[in-house]
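A quick write-up on the structure given underneath.
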Amino acid sequence: MNILDKIIFDKQREVVLKKSIIPVSQLESSVFFGRETISLSQKLKISSSGIIAEHKRRSPSKSVINHNFTVEEVVKGYENAGACGISVLTDGKYFGGSLDDLLLARASVNIPLLRKEFIVDEYQILEAKAYGADLILLIAAVLTREEIKSLSEFAKKLGLEVLLEVHNQEELEKSIMPSLDMIGVNNRNLKTFEVSLDFSKQLASQIPDEFVKVSESGISSIEAISELRPYGYNGFLIGENFMKTDNAGQAATEFIKQLNI
């Protein structure tokens, strides 16, 4: 069993437990549930930087990245830096995140928030809406085409955008459907954790133009973005590169300034 299989196994059990504690009616009565969401895909289309900055405390591949800052400090720093959107990890066991992180982020900033999570059930999409997310992530590697269709359509009914993450051509081919807004190519193989920008380059031409293209993981330099832009990428998800510094917001500010020179 690889790390991705373990995460999904644990996630399915976690969802069953959560459903038994917090009813759907409680999620639907959240102060954020009726909130009008902000479109990340539209922002990315007109942005000069395209940066989606991530709040991530740790990961299975790097253990601790940073535990020194509050969510508020990080996300306000990202917003002030000019990030298009913010990705908030909400997985606890493997990434040290929580839904409270998403809630605190929503209370702190007014730019699009992605709930970065291993979504396997509609219940998690209801949670995303209730805790202030504007979009969700669906990972093609762990979902069937039917699951991608039903989960993405459910999200759209709630007014949430959908970022679909793929890693290879097979995942891309099974996933293309009108209920997606953005297609992200993960440059990190989730089974081996090997990172290469070639994944984004190789798949770019296979992604239909109606979807905003996003490149995820392993982007640590201005040069990497310059390399990927000619392939039609509008969005670049960066987490570790900012979070591993002493001041994530400042690191994002300097990075985005350099991009716009």
- Task: Let me see the working for Y131 and L113 under side chain to side chain contact (heavy atoms under 4.5 Å, CB included), right down to the final yes or no.
- Result: CA-CA 10 Å; Y131 282 77; L113 294 181; over 6 Å; no

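- Taking a 6.0 Å sphere around NZ of K156, one finds it holds more than 12 heavy atoms contributed by other residues, nucleotides or ligands.
- Enclosure of atom CD in E170 is not indicated, since only 12 or fewer non-hydrogen atoms of other residues, nucleotides or ligands lie within 6.0 angstrom.
- Note on ring orientation: taking the six-membered ring where Trp is involved, the planes of Y78 and F242 are tilted (angle from 30° to 60°).
- With contacts defined as side-chain heavy-atom distances shorter than 4.5 Å, the pair L40/D181 does not qualify.
- More than 12 heavy atoms of other residues, nucleotides or ligands shown are found within 6.0 angstrom of CG on D198.
- Not one N or O on the side chain of R57 forms a donor-acceptor pair closer than 3.5 Å with the backbone of L89.
- Partners of E122 according to the side-chain hydrogen bond (donor to acceptor under 3.5 Å, both in side chains) rule, which considers only residues two or more places apart in sequence or in another chain, do not exist here.
- Panel note: side chain E161, backbone S41; a donor-acceptor pair is recorded below 3.5 Å.
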- Task: List the steps, then state whether salt bridge (charged side-chain N to carboxylate O under 4.0 Å, His left out) holds for E14 with K93.
- Result: CA-CA 10 Å; E14 180 187 303; K93 181 173 179 181; over 6 Å; no

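- Pairs of residues two or more places apart, or lying in two chains, that qualify as salt bridge (Lys or Arg N to Asp or Glu O under 4.0 Å) and include a residue from residues 128-139 are R35-D134, R106-D134.
- F32 is linked by a ring-ring contact (aromatic ring centres under 6.0 Å, His included) to nothing, counting only residues two or more places apart in sequence or in another chain.
- A salt bridge links E72 with K76: the distance from a Lys NZ or Arg NE/NH1/NH2 to an Asp or Glu carboxylate oxygen falls below 4.0 Å.
- In K11, the NZ atom is crowded: over 12 heavy atoms of neighbouring residues, nucleotides or ligands sit closer than 6.0 Å.
- F236 has its side chain within reach of L228: a pair of non-hydrogen atoms, C-beta onward, lies under 4.5 Å apart.
- K149 has a carboxylate O that lies under 4.0 Å from a charged side-chain N of E153, or vice versa, which qualifies the two as a salt bridge.
- With hydrophobic clusters built from ILVMFWY side chains whose heavy atoms lie under 4.5 angstrom apart, I139 shares a cluster with M177.
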